[in-house]
Amino acid sequence: MRGNRLVLGIGVLLLVVLISDRLCAQETGATLLGTVTNATGGVVPNAKVSVKNVATGESREAATNSAGIYTVPDPVAGDYEVSVSADGSAAKTSKVSLTRGKMETLDFVLGAQAQSPAAAQEPVKNLPSAPSSTQTKPSLQDLGFPPEQTKGSAQEQARLDKRTHMLKIHQRLGLITTAPLVATVISGGFAGGRSTSSTPRDLHAALGAATAGLYFTAASYAIFAPKISGTPTRGPIRLHKALAWIHGPGMVLTPILGVMAYEQKSRGERVHGVASAHSAVAIVTAGAYGAALLSVSLKF
(Lines give C-alpha, C1' and ligand atoms only; values in the text may rest on other atoms or scores of the structure.)
Protein backbone atom coordinates (compact mmCIF):
# COMPACT_ATOMS: atom_id res chain seq x y z
CA MET A 1 0.00 0.00 0.00
CA ARG A 2 2.80 2.40 0.84
CA GLY A 3 4.45 1.72 -2.49
CA ASN A 4 1.18 2.36 -4.29
CA ARG A 5 0.84 5.74 -2.60
CA LEU A 6 4.34 6.77 -3.57
CA VAL A 7 3.75 5.63 -7.14
CA LEU A 8 0.54 7.70 -7.19
CA GLY A 9 2.36 10.84 -6.04
CA ILE A 10 5.24 10.35 -8.49
CA GLY A 11 2.80 9.64 -11.30
CA VAL A 12 0.90 12.87 -10.68
CA LEU A 13 4.17 14.83 -10.62
CA LEU A 14 5.35 13.28 -13.89
CA LEU A 15 1.96 13.99 -15.50
CA VAL A 16 2.15 17.66 -14.52
CA VAL A 17 5.74 17.94 -15.80
CA LEU A 18 4.82 16.29 -19.12
CA ILE A 19 1.83 18.59 -19.56
CA SER A 20 3.99 21.60 -18.71
CA ASP A 21 6.67 20.54 -21.20
CA ARG A 22 3.96 20.19 -23.82
CA LEU A 23 2.82 23.72 -23.02
CA CYS A 24 6.38 24.97 -23.36
CA ALA A 25 6.71 23.31 -26.76
CA GLN A 26 3.50 24.92 -27.92
CA GLU A 27 4.31 28.38 -26.62
CA THR A 28 7.93 28.69 -27.74
CA GLY A 29 8.66 28.92 -31.45
CA ALA A 30 10.98 30.70 -33.84
CA THR A 31 11.41 34.45 -34.27
CA LEU A 32 11.45 36.30 -37.59
CA LEU A 33 12.61 39.89 -37.79
CA GLY A 34 14.11 42.34 -40.22
CA THR A 35 14.43 45.90 -41.46
CA VAL A 36 12.60 47.40 -44.44
CA THR A 37 14.39 50.20 -46.30
CA ASN A 38 13.87 52.04 -49.57
CA ALA A 39 16.21 52.34 -52.55
CA THR A 40 18.01 55.34 -51.00
CA GLY A 41 18.68 53.52 -47.72
CA GLY A 42 15.94 55.26 -45.71
CA VAL A 43 13.80 53.19 -43.37
CA VAL A 44 10.18 52.48 -44.32
CA PRO A 45 7.79 52.78 -41.35
CA ASN A 46 4.29 51.27 -41.38
CA ALA A 47 5.14 48.83 -44.16
CA LYS A 48 2.79 45.86 -44.28
CA VAL A 49 4.41 42.46 -43.73
CA SER A 50 2.56 39.24 -44.56
CA VAL A 51 4.04 35.91 -43.41
CA LYS A 52 2.47 32.82 -45.03
CA ASN A 53 3.19 29.24 -43.99
CA VAL A 54 3.81 27.37 -47.25
CA ALA A 55 2.61 24.02 -45.85
CA THR A 56 -0.59 25.13 -44.10
CA GLY A 57 -1.44 28.33 -45.99
CA GLU A 58 -1.92 30.16 -42.68
CA SER A 59 -0.90 33.83 -42.80
CA ARG A 60 0.15 36.31 -40.12
CA GLU A 61 0.33 40.08 -40.47
CA ALA A 62 2.82 42.54 -39.02
CA ALA A 63 4.01 46.10 -39.64
CA THR A 64 7.28 47.94 -39.36
CA ASN A 65 7.78 50.44 -36.55
CA SER A 66 9.17 53.97 -36.84
CA ALA A 67 12.68 52.52 -37.29
CA GLY A 68 11.56 50.30 -40.16
CA ILE A 69 11.82 47.13 -38.05
CA TYR A 70 9.26 44.34 -38.07
CA THR A 71 9.06 41.36 -35.71
CA VAL A 72 7.01 38.17 -35.97
CA PRO A 73 7.40 36.29 -32.66
CA ASP A 74 6.77 32.57 -32.23
CA PRO A 75 5.73 31.28 -35.65
CA VAL A 76 5.90 27.49 -35.87
CA ALA A 77 8.92 25.99 -37.59
CA GLY A 78 8.65 25.54 -41.35
CA ASP A 79 8.97 27.24 -44.74
CA TYR A 80 7.42 30.68 -45.13
CA GLU A 81 6.71 33.16 -47.90
CA VAL A 82 7.18 36.73 -46.68
CA SER A 83 5.69 39.67 -48.59
CA VAL A 84 6.33 43.35 -47.84
CA SER A 85 4.46 46.30 -49.32
CA ALA A 86 4.29 50.04 -48.66
CA ASP A 87 2.66 53.07 -50.25
CA GLY A 88 4.64 54.33 -53.21
CA SER A 89 6.87 51.24 -53.34
CA ALA A 90 6.74 48.02 -55.30
CA ALA A 91 5.94 44.97 -53.19
CA LYS A 92 8.65 42.39 -52.57
CA THR A 93 8.38 38.70 -51.71
CA SER A 94 11.00 36.33 -50.33
CA LYS A 95 11.13 32.87 -48.80
CA VAL A 96 12.66 31.78 -45.49
CA SER A 97 12.90 28.58 -43.44
CA LEU A 98 12.34 28.95 -39.69
CA THR A 99 13.68 26.62 -37.02
CA ARG A 100 12.11 26.28 -33.58
CA GLY A 101 13.93 28.28 -30.94
CA LYS A 102 16.10 30.19 -33.44
CA MET A 103 16.01 33.77 -34.67
CA GLU A 104 16.04 34.49 -38.41
CA THR A 105 16.68 37.90 -39.97
CA LEU A 106 15.13 38.78 -43.34
CA ASP A 107 15.63 42.35 -44.61
CA PHE A 108 13.88 44.00 -47.57
CA VAL A 109 14.80 46.89 -49.85
CA LEU A 110 11.75 48.30 -51.60
CA GLY A 111 12.06 50.01 -54.96
CA ALA A 112 9.89 52.83 -56.28
CA GLN A 113 6.57 51.85 -57.77
CA ALA A 114 6.59 51.94 -61.55
CA GLN A 115 4.60 54.82 -63.07
CA SER A 116 2.02 54.27 -65.76
CA PRO A 117 3.01 55.58 -69.26
CA ALA A 118 0.34 58.29 -69.05
CA ALA A 119 1.59 59.51 -65.70
CA ALA A 120 5.17 59.47 -66.92
CA GLN A 121 4.31 61.68 -69.94
CA GLU A 122 2.12 64.14 -68.02
CA PRO A 123 3.95 67.46 -67.56
CA VAL A 124 4.59 68.72 -64.07
CA LYS A 125 2.62 71.92 -63.46
CA ASN A 126 2.37 74.57 -60.80
CA LEU A 127 5.20 73.26 -58.63
CA PRO A 128 7.46 76.30 -58.17
CA SER A 129 7.50 75.88 -54.41
CA ALA A 130 7.51 72.08 -54.32
CA PRO A 131 10.27 70.63 -52.14
CA SER A 132 13.20 69.04 -53.83
CA SER A 133 13.11 65.24 -54.18
CA THR A 134 16.33 65.15 -52.21
CA GLN A 135 14.59 66.60 -49.13
CA THR A 136 13.55 63.19 -47.79
CA LYS A 137 13.30 62.02 -44.22
CA PRO A 138 16.84 61.20 -42.99
CA SER A 139 17.57 57.52 -42.53
CA LEU A 140 19.53 55.99 -39.65
CA GLN A 141 22.53 55.80 -41.97
CA ASP A 142 22.16 59.53 -42.74
CA LEU A 143 22.29 60.22 -39.01
CA GLY A 144 25.62 58.42 -38.69
CA PHE A 145 24.52 54.95 -37.59
CA PRO A 146 26.42 52.19 -39.42
CA PRO A 147 24.39 49.25 -40.84
CA GLU A 148 25.61 46.84 -38.15
CA GLN A 149 24.09 49.07 -35.44
CA THR A 150 20.73 49.30 -37.17
CA LYS A 151 20.71 45.51 -37.48
CA GLY A 152 21.52 45.25 -33.79
CA SER A 153 18.42 47.27 -32.89
CA ALA A 154 16.26 44.65 -34.61
CA GLN A 155 18.02 41.91 -32.66
CA GLU A 156 17.45 43.72 -29.36
CA GLN A 157 13.79 44.31 -30.21
CA ALA A 158 13.36 40.58 -30.86
CA ARG A 159 15.02 39.73 -27.51
CA LEU A 160 12.69 42.17 -25.75
CA ASP A 161 9.64 40.65 -27.47
CA LYS A 162 10.70 37.14 -26.50
CA ARG A 163 11.37 38.17 -22.89
CA THR A 164 7.94 39.82 -22.67
CA HIS A 165 6.30 36.71 -24.10
CA MET A 166 8.03 34.34 -21.66
CA LEU A 167 7.32 36.56 -18.65
CA LYS A 168 3.64 36.64 -19.58
CA ILE A 169 3.61 32.82 -19.52
CA HIS A 170 5.46 32.92 -16.18
CA GLN A 171 2.79 35.21 -14.77
CA ARG A 172 -0.05 33.07 -16.14
CA LEU A 173 1.36 29.81 -14.77
CA GLY A 174 2.14 31.51 -11.45
CA LEU A 175 -1.52 32.45 -11.04
CA ILE A 176 -2.63 28.93 -12.01
CA THR A 177 -0.27 27.48 -9.39
CA THR A 178 -2.15 29.39 -6.68
CA ALA A 179 -5.17 27.04 -6.90
CA PRO A 180 -3.38 23.74 -6.11
CA LEU A 181 -1.15 25.54 -3.59
CA VAL A 182 -4.15 26.74 -1.55
CA ALA A 183 -5.77 23.30 -1.85
CA THR A 184 -2.55 21.66 -0.63
CA VAL A 185 -2.38 23.91 2.44
CA ILE A 186 -6.04 23.23 3.27
CA SER A 187 -5.74 19.47 2.79
CA GLY A 188 -2.68 19.47 5.05
CA GLY A 189 -4.96 20.14 8.01
CA PHE A 190 -6.64 16.77 7.46
CA ALA A 191 -3.53 14.76 6.55
CA GLY A 192 -1.79 14.93 9.91
CA GLY A 193 -4.63 13.86 12.23
CA ARG A 194 -5.03 10.62 14.16
CA SER A 195 -7.21 8.99 11.53
CA THR A 196 -5.85 5.66 10.31
CA SER A 197 -7.21 6.31 6.80
CA SER A 198 -4.52 7.18 4.27
CA THR A 199 -6.91 8.94 1.87
CA PRO A 200 -6.32 12.49 3.25
CA ARG A 201 -2.56 11.95 3.10
CA ASP A 202 -2.73 10.61 -0.46
CA LEU A 203 -4.81 13.61 -1.56
CA HIS A 204 -2.42 16.02 0.17
CA ALA A 205 0.60 14.36 -1.50
CA ALA A 206 -1.02 14.45 -4.96
CA LEU A 207 -1.92 18.15 -4.60
CA GLY A 208 1.60 18.91 -3.39
CA ALA A 209 3.11 17.14 -6.40
CA ALA A 210 0.88 19.09 -8.79
CA THR A 211 1.80 22.36 -7.07
CA ALA A 212 5.53 21.64 -7.29
CA GLY A 213 5.32 20.71 -10.97
CA LEU A 214 3.47 23.90 -11.93
CA TYR A 215 5.67 26.06 -9.70
CA PHE A 216 8.97 24.94 -11.21
CA THR A 217 7.59 25.18 -14.74
CA ALA A 218 6.50 28.78 -14.09
CA ALA A 219 9.87 29.57 -12.53
CA SER A 220 11.73 28.21 -15.57
CA TYR A 221 10.09 30.80 -17.84
CA ALA A 222 11.38 33.63 -15.65
CA ILE A 223 14.84 32.10 -15.26
CA PHE A 224 15.42 31.38 -18.95
CA ALA A 225 13.81 34.53 -20.37
CA PRO A 226 16.41 36.57 -22.33
CA LYS A 227 18.09 39.21 -20.20
CA ILE A 228 18.05 42.84 -21.38
CA SER A 229 21.16 44.70 -20.22
CA GLY A 230 20.74 48.13 -18.70
CA THR A 231 17.12 47.56 -17.65
CA PRO A 232 16.47 49.06 -14.16
CA THR A 233 14.65 46.96 -11.56
CA ARG A 234 11.68 48.78 -10.04
CA GLY A 235 10.66 48.54 -6.38
CA PRO A 236 7.86 45.94 -6.76
CA ILE A 237 9.98 43.77 -9.07
CA ARG A 238 12.88 43.99 -6.64
CA LEU A 239 10.60 42.80 -3.82
CA HIS A 240 9.20 40.08 -6.09
CA LYS A 241 12.72 38.76 -6.75
CA ALA A 242 13.68 38.98 -3.07
CA LEU A 243 10.66 36.90 -2.03
CA ALA A 244 11.71 34.23 -4.53
CA TRP A 245 14.68 33.50 -2.26
CA ILE A 246 12.15 32.45 0.37
CA HIS A 247 9.45 30.56 -1.54
CA GLY A 248 11.98 29.01 -3.99
CA PRO A 249 13.97 27.03 -1.38
CA GLY A 250 10.70 26.44 0.48
CA MET A 251 9.21 24.73 -2.57
CA VAL A 252 12.22 22.39 -2.61
CA LEU A 253 12.31 21.72 1.13
CA THR A 254 8.56 21.31 1.70
CA PRO A 255 8.12 18.16 -0.46
CA ILE A 256 11.22 16.57 1.08
CA LEU A 257 9.91 17.09 4.62
CA GLY A 258 6.47 16.01 3.41
CA VAL A 259 7.78 12.66 2.18
CA MET A 260 9.51 12.09 5.52
CA ALA A 261 6.33 12.91 7.44
CA TYR A 262 4.28 10.70 5.08
CA GLU A 263 6.56 7.73 5.73
CA GLN A 264 6.41 8.22 9.49
CA LYS A 265 2.59 8.41 9.50
CA SER A 266 2.35 5.38 7.23
CA ARG A 267 4.37 3.36 9.78
CA GLY A 268 1.93 4.41 12.49
CA GLU A 269 4.42 6.76 14.13
CA ARG A 270 3.96 10.33 15.23
CA VAL A 271 5.70 12.86 13.02
CA HIS A 272 9.02 13.64 14.68
CA GLY A 273 12.47 15.06 13.99
CA VAL A 274 13.02 17.47 11.12
CA ALA A 275 9.85 16.15 9.47
CA SER A 276 7.82 17.96 12.13
CA ALA A 277 8.86 21.25 10.50
CA HIS A 278 6.94 20.32 7.33
CA SER A 279 3.83 22.33 8.22
CA ALA A 280 5.73 25.43 9.34
CA VAL A 281 7.93 25.47 6.23
CA ALA A 282 4.88 24.96 4.00
CA ILE A 283 3.02 27.89 5.61
CA VAL A 284 6.03 30.22 5.31
CA THR A 285 6.51 29.16 1.68
CA ALA A 286 2.85 29.74 0.83
CA GLY A 287 2.92 33.12 2.57
CA ALA A 288 6.02 34.25 0.67
CA TYR A 289 4.50 33.05 -2.59
CA GLY A 290 1.29 34.98 -1.93
CA ALA A 291 3.27 38.10 -1.07
CA ALA A 292 5.26 37.72 -4.31
CA LEU A 293 2.02 37.68 -6.30
CA LEU A 294 0.73 40.76 -4.50
CA SER A 295 4.02 42.61 -5.04
CA VAL A 296 3.45 42.68 -8.81
CA SER A 297 -0.34 43.01 -8.62
CA LEU A 298 -0.53 46.12 -6.44
CA LYS A 299 1.09 49.43 -7.41
CA PHE A 300 3.11 51.16 -4.72
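Side chains included, hydrogens not; waters and symmetry mates left out as well; all remaining heavy atoms used.
- Here Lys227 contributes atom NZ and Arg163 contributes atom CZ; the two are 6.0 Å apart, rounded to the nearest 0.5 Å.
- Using a 4.5 Å heavy-atom cutoff, the side chains of Phe108 and Val44 are not in contact.
- Using a 4.5 Å cut-off on side-chain heavy atoms (C-beta onward), Asp202 and Tyr262 make contact.
- Atom CD1 of Ile186 is separated from atom CG of Leu203 by 11.0 Å, given to the nearest 0.5 angstrom.
- By the side chain to side chain donor-acceptor pair (under 3.5 Å) test, Thr178 is found to be paired with no residue, residues two or more places apart in sequence or in another chain being considered.
- The backbone N or O of Tyr221 sits nowhere less than 3.5 Å from a side-chain atom of His170 that would complete a donor-acceptor pair.
- Across all their heavy atoms, Ser295 and Pro236 have their closest contact at O-CB, 3.1 Å.
- Note that CG of Leu257 and OG of Ser279 are 9.5 Å apart. Values are rounded to the nearest 0.5 Å.
- A distance-only check finds no donor-acceptor pair linking the side chain of Thr31 to the backbone of Pro73 [under 3.5 Å].
- More than 12 heavy-atom neighbours from other residues, nucleotides or ligands sit within 6.0 angstrom of CD on Glu104.
- In the hydrophobic cluster analysis, where Ile, Leu, Val, Met, Phe, Trp and Tyr join through side-chain heavy atoms closer than 4.5 angstrom, Leu167 is grouped apart from Ile223.
- Scanning all heavy atoms of the two residues, the minimum distance from Val185 to Ala286 falls at CG2-CB, 4.0 Å.
- By the 4.5 Å heavy-atom criterion applied to side chains, Pro180 and Leu214 are counted as neighbours.
- When the side chains of ILVMFWY residues are joined at heavy-atom separations under 4.5 Å, either directly or via intervening members, Leu181 and Ile246 end up in two distinct hydrophobic clusters.
- In this structure, Lys95 NZ and Ser83 OG are separated by 10.5 Å, a value rounded to the nearest 0.5 Å.
- Here OG1 of Thr71 is found 9.0 Å from CE of Met103. Values are rounded to the nearest 0.5 Å.
- Using a 4.5 Å heavy-atom cutoff, the side chains of Leu110 and Val84 are in contact.
- Atom OG1 of residue Thr37 and atom CD1 of residue Ile69 lie 11.5 Å apart, to the nearest 0.5 angstrom.
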What donor-acceptor contacts under 3.5 angstrom involve side-chain atoms of residues 47-57, with partners at least two apart or in another chain?
| unit_1 | atom_1 | unit_2 | atom_2 | d |
| --- | --- | --- | --- | --- |
| Ser50 | OG | Glu61 | OE2 | 3.4 |
| Asn53 | OD1 | Ala55 | N | 2.9 |
| Asn53 | OD1 | Thr56 | N | 3.2 |
| Asn53 | ND2 | Tyr80 | OH | 3.3 |
| Thr56 | OG1 | Glu58 | N | 3.3 |

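- Note: the hydrophobic cluster containing Met260 also contains Val281 (ILVMFWY, side chain heavy atoms under 4.5 Å, direct or indirect links).
- Put simply, the side chain of His278 never gets that close to the backbone of Ser276: no donor and acceptor are under 3.5 Å apart.
- Counting all heavy atoms, side chain and backbone alike, Val43 lies closest to Ser66 at CG2-O, 3.9 Å.
- The shortest side-chain heavy-atom distance between Thr211 and Met251 falls under the 4.5 Å cut-off.
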Given the rule in the side chain to side chain contact (heavy atoms under 4.5 Å, CB included) test, do Tyr70 and Leu106 qualify, once you have shown the distances and angles that lead to the verdict? CA-CA 10 Å; Tyr70 72 91; Leu106 183 61; 3.5 Å; yes
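- By the criterion of side-chain heavy atoms lying less than 4.5 angstrom apart, applied directly or through intervening Ile, Leu, Val, Met, Phe, Trp or Tyr residues, Leu173 is not grouped with Leu293; the two fall into different hydrophobic clusters.
- Between the side chain of Thr184 and the main chain of Leu207, a donor-acceptor pair closer than 3.5 Å is present.
- Under the 4.5 Å side-chain criterion, counting only non-hydrogen atoms from C-beta, Leu98 is not in contact with Lys102.
- Of the possible donor and acceptor atoms, none in the side chain of Lys92 sits under 3.5 Å from a partner among the backbone N and O of Ala90.
- Taking the side chain as every heavy atom from C-beta outward, Pro226 and Met166 approach each other to under 4.5 Å.
- Shortest non-hydrogen contact noted between Gly34 and Thr105 is CA-CG2, 4.3 Å.
- Among residues two or more places apart in sequence or in another chain, the ring pair (Phe, Tyr, Trp, His ring centres under 6.0 Å) test is passed with Tyr289 by Tyr215, His247.
- Both Val76 and Leu32 belong to a common hydrophobic cluster when Ile, Leu, Val, Met, Phe, Trp and Tyr are linked at side-chain heavy-atom distances under 4.5 angstrom.
- Of all heavy-atom pairs spanning Arg270 and Gln264, the tightest one is O-OE1, 3.7 Å.
- Contact check for Val82 versus Thr93: no side-chain heavy atoms found under the 4.5 Å cut-off.
- Of all heavy-atom pairs between Thr285 and Gly250, the closest is OG1-CA, 3.1 Å.
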